[in-house]
Number of protein chains: 2
Amino acid sequence: MERADAARNRAALLAAATDLIRERGIDAVSIDDVAASAGVGKGTVFRRFGDKAGLIQAVVDSTAASWHQAASLEFRTAGEFAGQLFDHVLASLPLVIAVERTSVRSCEGNFQLTVDRLARVVGSTFNAHALLAVLRGEQIAFLLDQGMTADEIRAGVISLADTLSAGV
Amino acid sequence: MERADAARNRAALLAAATDLIRERGIDAVSIDDVAASAGVGKGTVFRRFGDKAGLIQAVVDSTAASWHQAASLEFRTAGEFAGQLFDHVLASLPLVIAVERTSVRSCEGNFQLTVDRLARVVGSTFNAHALLAVLRGEQIAFLLDQGMTADEIRAGVISLADTLSAGV
DNA sequence: GTAGCAACCGGACCGACGGTCCGCTTATTG
DNA sequence: CAATAAGCGGACCGTCGGTCCGGTTGCTAC
């Protein structure tokens, strides 16, 4: 059982980390920032979450009932999958980028599952990875930065998914 | 005119950096490592190359007559382009990953040019970016890590490029 | 209520890193 | 050979992720 003060600190840290990452991006957020913003000592962060990656993972887990849904979602067509994942990524871009930079993709567990299911729809494991590569936070942020609109990217992603499915 | 000792040091630093990055990957190579390995002081690295990104850029520029060729290559079909760029990336994976991590893609100058030319062949700017995303060093390293062979990836990339071209 | 204990806390501390600075050295030129 | 500017190296700095430990506090058993 977690002590009451510990639970309070965990919640404060998660909230602080989520806000800071959302507004500044992971690169501009240090652990000290998060600790100070949550009003706790630095040691507390590491006792709760182990390391920076653990904190980010916890943030991600906490901010989304929809998170694991988005990755392991049931879908009929590749286009449907692409559209839904895109919306999810776009809505939490800084968080997605943070987790991409800190965790190893293959460790996600249901990531493999998603790849396999997707592979069946788009014809090959390679194509599944290709589609997921285009849906990465950093890729989408880059395209937005290049001046593409979210709608254009969304349409492109779905079109790509459909094209890949069509070849099956 | 560059002094003789300066030129010697520049060459030694480039060689040391190239070797270290190739064998360890950029993440395990610090500026101090490069300086020590080249037998010069740390300050010399920064006077020559400005910062870490500058050093990596210089390494990349020096190691490839084929480098800018690969990116701005003339090509007839998207598949041809994909195959050639893949071979180039695969041959210098750690270097490619290093430059991806340090430089901003859009600054590359002829990157824009490549995107535009490619866009004409694969139907849209979005598709051009998608193809390039799949050809990034980190993506290819990830797929290799997943157990895919280089041949499989090469085939996948070319097939993807051809599929995109076919829809035009 | 209170005593005792384990869990918890915070911030001083550490090593590594990218980057700066400056007093000394050395290649170059006339 | 003398003068000078370019170059040199490594001590130094601020920041970051991560560790440690002496003091504190929430919980429980009596």
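In this text, all values refer to a predicted model and were calculated from it rather than measured experimentally. Per chain, numbering begins at 1; letters A, B, ... match sequence-line order.
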Please verify the inter-ring angle class for B/His129 with B/Phe111; under 30° counts as parallel, over 60° as perpendicular, anything in between as tilted. tilted

Between protein and nucleotides 25-30 of chain D, map the contacts as a letter string: B base, S sugar-phosphate only, - none, heavy atoms under 4.0 Å, written 5' to 3'. BSS---

Mind checking side-chain contact (heavy atoms from CB on, under 4.5 Å) for A/Ser159 and listing every partner two or more places apart, or none if nothing turns up? A/Thr163

Across all chains, not counting sequence neighbours, the side chain to side chain donor-acceptor pair (under 3.5 Å) partners of B/Arg8 are none

Counting only side-chain N and O atoms of A/Asn9, is one of them less than 4.0 Å from OP1 or OP2 of C/dC8? no

Scan residues 152-168 of chain B for pairs that pass salt bridge (charged side-chain N to carboxylate O under 4.0 Å, His left out), counting only residues two or more places apart or in two chains. B/Asp87-B/Arg154

Salt bridge (charged side-chain N to carboxylate O under 4.0 Å, His left out) contacts in which one or both residues fall within residues 43-55 of chain A, not counting sequence neighbours: A/Glu2-A/Arg48

Check DNA chain D against residues 12-37 of chain A and give the residues with a non-hydrogen atom under 4.0 Å, in numerical order. A/Ser30, A/Ile31

Pairing residues for A/Val89 by the side-chain contact (heavy atoms from CB on, under 4.5 Å) criterion, not counting sequence neighbours: A/Leu85, A/Leu93, A/Val96, A/Ile140

Where at least one partner belongs to residues 25-40 of chain B, residue pairs that pass side-chain hydrogen bond (donor to acceptor under 3.5 Å, both in side chains), sequence neighbours excluded: B/Arg24-B/Asp33, B/Asp27-B/Arg101, B/Ser30-B/Asp33, B/Asp32-B/Lys42

B/Asp116: partners by salt bridge (Lys or Arg N to Asp or Glu O under 4.0 Å), with sequence neighbours left out: none

Just to be sure I understand the geometry, which residues of residues 43-54 of chain A put a non-hydrogen atom under 4.0 Å away from DNA chain C? A/Gly43, A/Thr44, A/Arg47, A/Arg48

Taking only residues two or more places apart in sequence or in another chain, which ones pass side-chain contact (heavy atoms from CB on, under 4.5 Å) with A/Ala161? A/Ala78, A/Ala82, A/Leu131

Qualifying residues under side-chain contact (heavy atoms from CB on, under 4.5 Å), relative to A/Ala12, sequence neighbours excluded: A/Ala38

